[in-house]
Engineer: 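Input: one structure, supplied below.
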Amino acid sequence: MLVLLPMNAYQELRQRGMIHACTEGVDALLAAGPITVYTGFDPTAPSLHVGSLLPIMALVHLQRHGHRPIALVGGGTGMIGDPSGKSVERQLLAPEELARNLAGIRAQLERFLDFDGPAAARVVNNADWLSTSRLIDFLRDVGKHFTVNVLLQKESVQRRLDSEEGMSYTEFSYVLLQAYDYLHLFDTYGCVLQMGGSDQWGNITAGVDLIRRKRGAKAHALVHPLVTTTAGRKFGKTEAGTVWLDPAQTSAFRFYQFWLNTDDRDAVRWLRCFTLLDESRIAELETSLRERPAEREAQRALAREVTRAVHGETALARAEAATAVLFGGAEFGDLRASELLEIFADVPSREVAASRLDGGLTLVDAFAESGLVRSKGEARRLIESGGGYLNNRRITESDTQLAANDLIDGTVAVLRKGKKEYALIKKA
């Protein structure tokens with residue numbers, strides 16, 4: 001349901017630190033009444049990643065203020081590849097791969113935007129108009145409005161011309177295609193504002209110029225800051241790679257952990273950019289972070305809000321339960337073996353033959369064979385002193401057997417020594 005808010009959309013984005021630059025008059029435009037606005041998304045993968053969340057959240061904020069968002073998925077331009085921010089030319093995608101990527105991205109966008117009501121969102125695919133455009137017509141109607149001199153001054157072009165790889169004519173034409181997208185959306189939907197990352201400024205203003213030249217009308221550009229961490233790392237990258245929105249590529253647990261592990265210096269900034277929490281709540285969390293940093297309340301709120309938005313309430317609950325198991329020693333409840341294997345993906349594991357789980361394996365044996373202790377004697381002392389755990393339940397009897405029904409989903413059991421040392425027993 002659409003919720004209209006007291007401040008206007010421009011003020012909201014400015015307060016949240018989501019504006020890097022904009023054309024003159026954007027503040028008055030967003031304050032005057034509902035407009036149509038669009039942002040483009042690159043379909044080079046079957047999922048968006050966390051770096052896509054800032055432009056998505058900008059569309060969400062504008063819709064909450066009554067504006068009509070369009071999410072353009074570049075099925076046409078995706079066959080060319082945007083050179084912005086790239087040092088080498090992208091590999092061109094096959095049509096069937098693009099179609100699969102487009103379907104996945106649309107489903108993710110639908111989790112954030114409302115597609116009903118007076119400010120209903122749209123998802124459009126620029127292949128619908130670019131794939132039917134004739135080259136001669138395009139050069140006559142669009143190309144003649146751009147001089148090579150101006151195109152050569154674009155930052156994305158300059159960077160590539162200075163590199164060893166250079167730039168193909170295919171990529172050089174990208175800015176014209178994006179400008180034409182803006183013109184098409186202006187003509188078709190009355191779209192007067194395009195948003196994107198700050199590396200898109202040249203592409204977006206090319207569209208602004210084209211609309212002015214072709215229609216004698218005023219259109220606008222607004223770009224967001226490129227997100228980087230205070231520590232200087234690229235946002236959305238971990239040691240395991242990119243953090244995706246698709247749970248098949250980045251599980252809800254790993255996704256939750258990404259946000260939970262946010263540096264204290266970034267937590268408040270991310271709360272403003274990636275959640276709908278209001279300024280008063282963010283101020284409370286900022287105070288908590290400053291006065292009680294060990295509690296990590298700001299990071300927990302951030303992880304909770306973003307995981308809920310991307311993966312839903314059920315996935316959030318399971319991610320929090322898994323986190324409690326890993327860091328709080330909570331019992332496993334209804335966690336599945338697949339979730340436990342992911343939680344403990346980095347701990348040592350030992351395979352055990354199924355026949356040994358029929359009364360042939362004691363916990364003393366299991367602890368000794370897992371490598372958590374050096375000998376059976378040490379394992380016995382650990383268990384009898386209360387320092388040994390099976391599936392996060394304390395075991396005090398050293399003659400306790402590890403049986404098949406102790407394995408979660410009949411697959412895996414988790415041994416723990418003390419508070420933080422784990423090992424897995426897997427059925428071979």
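On a predicted model such as this, the values are computed, not experimentally measured, just so you know.
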Engineer: Of all heavy-atom pairs between Thr242 and Thr250, which one has the smallest distance, and what is that distance?
Structural biologist: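 Reported closest heavy-atom pair: O-OG1, 3.6 Å.
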Engineer: Could you tell me whether the side chain of Val50 reaches within less than 4.5 Å of the side chain of Trp259, counting heavy atoms only?
Structural biologist: yes
Engineer: Does the Asp406 side chain pair with the main chain of Ala403, one donor and one acceptor, at a distance under 3.5 Å?
Structural biologist: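 Side chain of Asp406 to backbone of Ala403, a donor-acceptor pair under 3.5 Å: yes, one is there.
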Engineer: In the structure I gave you, are the side-chain heavy atoms of Thr400 and Leu390 within less than 4.5 Å of one another anywhere?
Structural biologist: no
Engineer: Would you check if Thr77 and Tyr174 make a side-chain contact, meaning some heavy-atom pair closer than 4.5 Å?
Structural biologist: yes
Engineer: Between Arg14 and Asp27 (salt bridge meaning N to carboxylate O under 4.0 Å), is one present in this structure?
Structural biologist: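 Salt bridge absent between Arg14 and Asp27.
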Engineer: Could you check whether the rings of Phe274 and Trp270 sit parallel, tilted or perpendicular, using 30° and 60° as the cut-offs?
Structural biologist: perpendicular
Engineer: To the nearest 0.5 Å, what is the distance between CG on Leu193 and CG on Leu62?
Structural biologist: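 Answer rounded to 0.5 Å: 7.0 Å.
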Engineer: Just checking, any donor-acceptor pair under 3.5 angstrom between side chains of Gln299 and Thr262?
Structural biologist: no
Engineer: Could Lys427 and Glu351 be called an ion pair, given the rule that one side-chain N must be under 4.0 Å from one carboxylate O?
Structural biologist: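 Here Lys427 does not pair with Glu351 in a salt bridge, since their nearest N and O are not under 4.0 Å apart.
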Engineer: Closest approach of Ala252 and Ala319, non-hydrogen atoms and distance?
Structural biologist: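 The answer is O-CB, 3.9 Å.
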Engineer: For Lys376, is there an ion pair with Asp365 - N to carboxylate O distance below 4.0 angstrom?
Structural biologist: yes
Engineer: Do Arg292 and Glu295 sit within salt-bridge range, that is, some charged N less than 4.0 Å from a carboxylate O?
Structural biologist: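 Judged by the 4.0 Å cut-off on N to carboxylate O distance, Arg292 and Glu295 do form a salt bridge.
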Engineer: Any chance the side chains of Ser251 and Glu342 put a donor and an acceptor closer than 3.5 Å?
Structural biologist: yes
Engineer: Counting C-beta onward and ignoring hydrogens, is there a side-chain heavy-atom pair between Leu363 and Leu415 closer than 4.5 Å?
Structural biologist: yes
Engineer: Indicate yes or no: does Glu339 engage Arg318 in a salt bridge with an N to O separation below 4.0 Å.
Structural biologist: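 Result for this pair is yes, salt bridge flagged.
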Engineer: Any chance the side chains of Gln257 and Thr323 put a donor and an acceptor closer than 3.5 Å?
Structural biologist: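 Checked: Gln257/Thr323 side chains pair up, N/O donor to acceptor below 3.5 Å.
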Engineer: Any salt bridge linking Glu12 with Arg16? Criterion: basic side-chain nitrogen under 4.0 Å from a carboxylate oxygen.
Structural biologist: yes
Engineer: To the nearest 0.5 Å, what is the distance between CG on Leu289 and CD on Glu297?
Structural biologist: 9.5 Å
Engineer: Please check: side-chain N/O of Asn126 versus main-chain N/O of Gly76, any donor-acceptor pairing under 3.5 Å?
Structural biologist: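 Such a contact is found between Asn126 side chain and Gly76 backbone.
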Engineer: Is it true that a side-chain atom of Arg111 and a backbone atom of Val310 form a donor plus acceptor pair closer than 3.5 Å?
Structural biologist: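 Yes: the side chain of Arg111 pairs with the backbone of Val310.
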Engineer: Is a side-chain N or O of Asp246 found less than 3.5 angstrom from the main chain of Ala248, in a donor-acceptor match?
Structural biologist: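 The answer is yes, because a donor-acceptor pair under 3.5 Å joins these two groups.
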Engineer: Using side-chain heavy atoms (C-beta onward) and a distance below 4.5 Å, is Gln178 in contact with Ile204?
Structural biologist: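 The answer is yes, as the side chains (C-beta and beyond) meet within the 4.5 Å cut-off.
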Engineer: Do Glu369 and Arg356 sit within salt-bridge range, that is, some charged N less than 4.0 Å from a carboxylate O?
Structural biologist: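 Looking at Glu369 and Arg356, the cut-off is met.
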Engineer: Would you check if Thr228 and Phe235 make a side-chain contact, meaning some heavy-atom pair closer than 4.5 Å?
Structural biologist: no
Engineer: Is the gap between the ring centers of Trp244 and Phe255 under 6.0 Å?
Structural biologist: no
Engineer: Answer yes or no: does atom CZ of Arg269 have more than 12 heavy-atom neighbours from other residues, nucleotides or ligands under 6.0 Å?
Structural biologist: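 For Arg269, atom CZ is crowded (more than 12 foreign heavy atoms under 6.0 Å).
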Engineer: Hey, would you say the Tyr38 and Tyr182 ring centroids sit under 6.0 Å apart?
Structural biologist: yes
Engineer: When rounded to the nearest 0.5 angstrom, what is the spacing between CG in Asn101 and OG in Ser47?
Structural biologist: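 Here the interatomic distance stands at 9.5 Å.
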Engineer: Looking at Glu305 and Arg308, is there a salt bridge between them, counting it only when a charged N and a carboxylate O are closer than 4.0 Å?
Structural biologist: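 Salt bridge flag = yes for Glu305 with Arg308.
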Engineer: So which heavy atom on Pro43 is nearest to which on Leu98, and how close?
Structural biologist: CG-CD2, 3.6 Å
Engineer: Nearest 0.5 Å, what's the CZ-CG distance between Phe138 and Leu176?
Structural biologist: 5.0 Å
Engineer: Nearest 0.5 Å, what's the CG-OG1 distance between Leu340 and Thr411?
Structural biologist: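 That separation rounds to 10.0 Å.
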Engineer: Taking atom types as modelled, is there a side-chain donor on Asp266 or Thr229 under 3.5 Å from an acceptor on the other?
Structural biologist: no
Engineer: Judged by atom type as modelled, is there a donor-acceptor pair below 3.5 Å linking the side chain of Ser133 to the main-chain atoms of Leu130?
Structural biologist: no
Engineer: What closest approach, in Å, do Arg300 and Leu260 show between heavy atoms, and which atom pair accounts for it?
Structural biologist: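 Result for this residue pair: CG-CD1, 3.7 Å.
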Engineer: Can you list the steps and then say if Gln401 with Thr362 is a side chain to side chain donor-acceptor pair (under 3.5 Å)?
Structural biologist: CA-CA 4 Å; Gln401 301 287 319; Thr362 66; 5.6 Å; no
Engineer: Is any NZ, NE, NH1 or NH2 atom of the basic residue among Arg290 and Asp264 found under 4.0 Å from an Asp or Glu carboxylate oxygen of the other?
Structural biologist: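 No, no charged N to carboxylate O under 4.0 Å.
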Engineer: What closest approach, in Å, do Thr36 and Gly190 show between heavy atoms, and which atom pair accounts for it?
Structural biologist: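 Looks like CB-O, 4.1 Å.
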Engineer: Main chain of Tyr389, side chain of Arg394: is a donor-acceptor contact present, judged purely on distance under 3.5 Å?
Structural biologist: no
Engineer: Indicate whether any N or O donor in one side chain lies under 3.5 Å from an N or O acceptor in the other, for His220 and Thr23.
Structural biologist: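 Side chains of His220 and Thr23: pair found under 3.5 Å.
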Engineer: Can you classify the ring geometry of Phe332 versus Phe344 as parallel (below 30°), tilted (30 to 60°) or perpendicular (above 60°)?
Structural biologist: tilted
Engineer: Are any of the side-chain heavy atoms of Phe112 and Met57 separated by less than 4.5 Å?
Structural biologist: yes
Engineer: So, Arg281 and Asp278, do they make that salt bridge, N to O below 4.0 Å?
Structural biologist: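 Here Arg281 does not pair with Asp278 in a salt bridge, since their nearest N and O are not under 4.0 Å apart.
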Engineer: Indicate the atoms forming the closest heavy-atom contact of Leu341 with Lys426, along with that distance.
Structural biologist: CD2-CE, 3.7 Å
